[in-house]
Amino acid sequence: MADHDRIEGAAKNMGGKIKEAAGKVTGDTKLQTEGKADQVEGKVQNAVGGVKDSLRDKG
């Protein structure tokens, strides 16, 4: 079973991509930057979830 962090991280990453794209379309650089930041945060959270999954599988 996937860790909650992995699911949340993937969702945050996807939301960030949508936000970044919306910022590009509207010319809103702040929205673009927020989208990129959300993507990074989502990737980190997903990685943390992956480590938790690994540890749980070994335990």
Side-chain angles (χ1 to χ4, degrees):
M1 181 173 159
D3 186 270
H4 179 73
D5 284 319
R6 291 187 78 178
I7 295 166
E8 254 187 47
K12 196 171 287 187
N13 185 14
M14 205 48 168
K17 287 182 183 191
I18 293 168
K19 194 184 276 189
E20 181 184 7
K24 283 181 182 178
V25 169
T26 61
D28 186 340
T29 55
K30 183 179 180 219
L31 190 60
Q32 254 182 292
T33 303
E34 287 175 4
K36 287 179 183 179
D38 287 351
Q39 288 177 62
V40 170
E41 189 177 335
K43 287 176 184 177
V44 169
Q45 190 171 6
N46 194 333
V48 167
V51 170
K52 287 180 181 179
D53 282 347
S54 272
L55 292 174
R56 185 176 31 242
D57 290 345
K58 289 182 182 183

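On a predicted model such as this, the values are computed, not experimentally measured, just so you know. Residues: numbered from 1 along the sequence shown.
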### Under the side chain to side chain donor-acceptor pair (under 3.5 Å) test, residues paired with E20 that sit two or more places apart
Q39
#### Entry: Partners meeting salt bridge (charged side-chain N to carboxylate O under 4.0 Å, His left out) with K17 (sequence neighbours left out)
none
### Query
Listed by chain and number, what are the salt bridge (charged side-chain N to carboxylate O under 4.0 Å, His left out) partners of K19, not counting sequence neighbours?
E34, D38
### Task
Pick out which of Q32, K30, K24 makes a side-chain contact (heavy atoms from CB on, under 4.5 Å) with D28.
K30
### Contacts of type side chain to side chain donor-acceptor pair (under 3.5 Å), residue K43, not counting sequence neighbours
none
### Message
Holding to side chain to side chain donor-acceptor pair (under 3.5 Å), I want the full list of residues that pass it with E8, two or more places apart in sequence or in another chain.
### Response
H4, Q45
### Query
Who are the side chain to side chain donor-acceptor pair (under 3.5 Å) partners of N46, not counting sequence neighbours?
R6
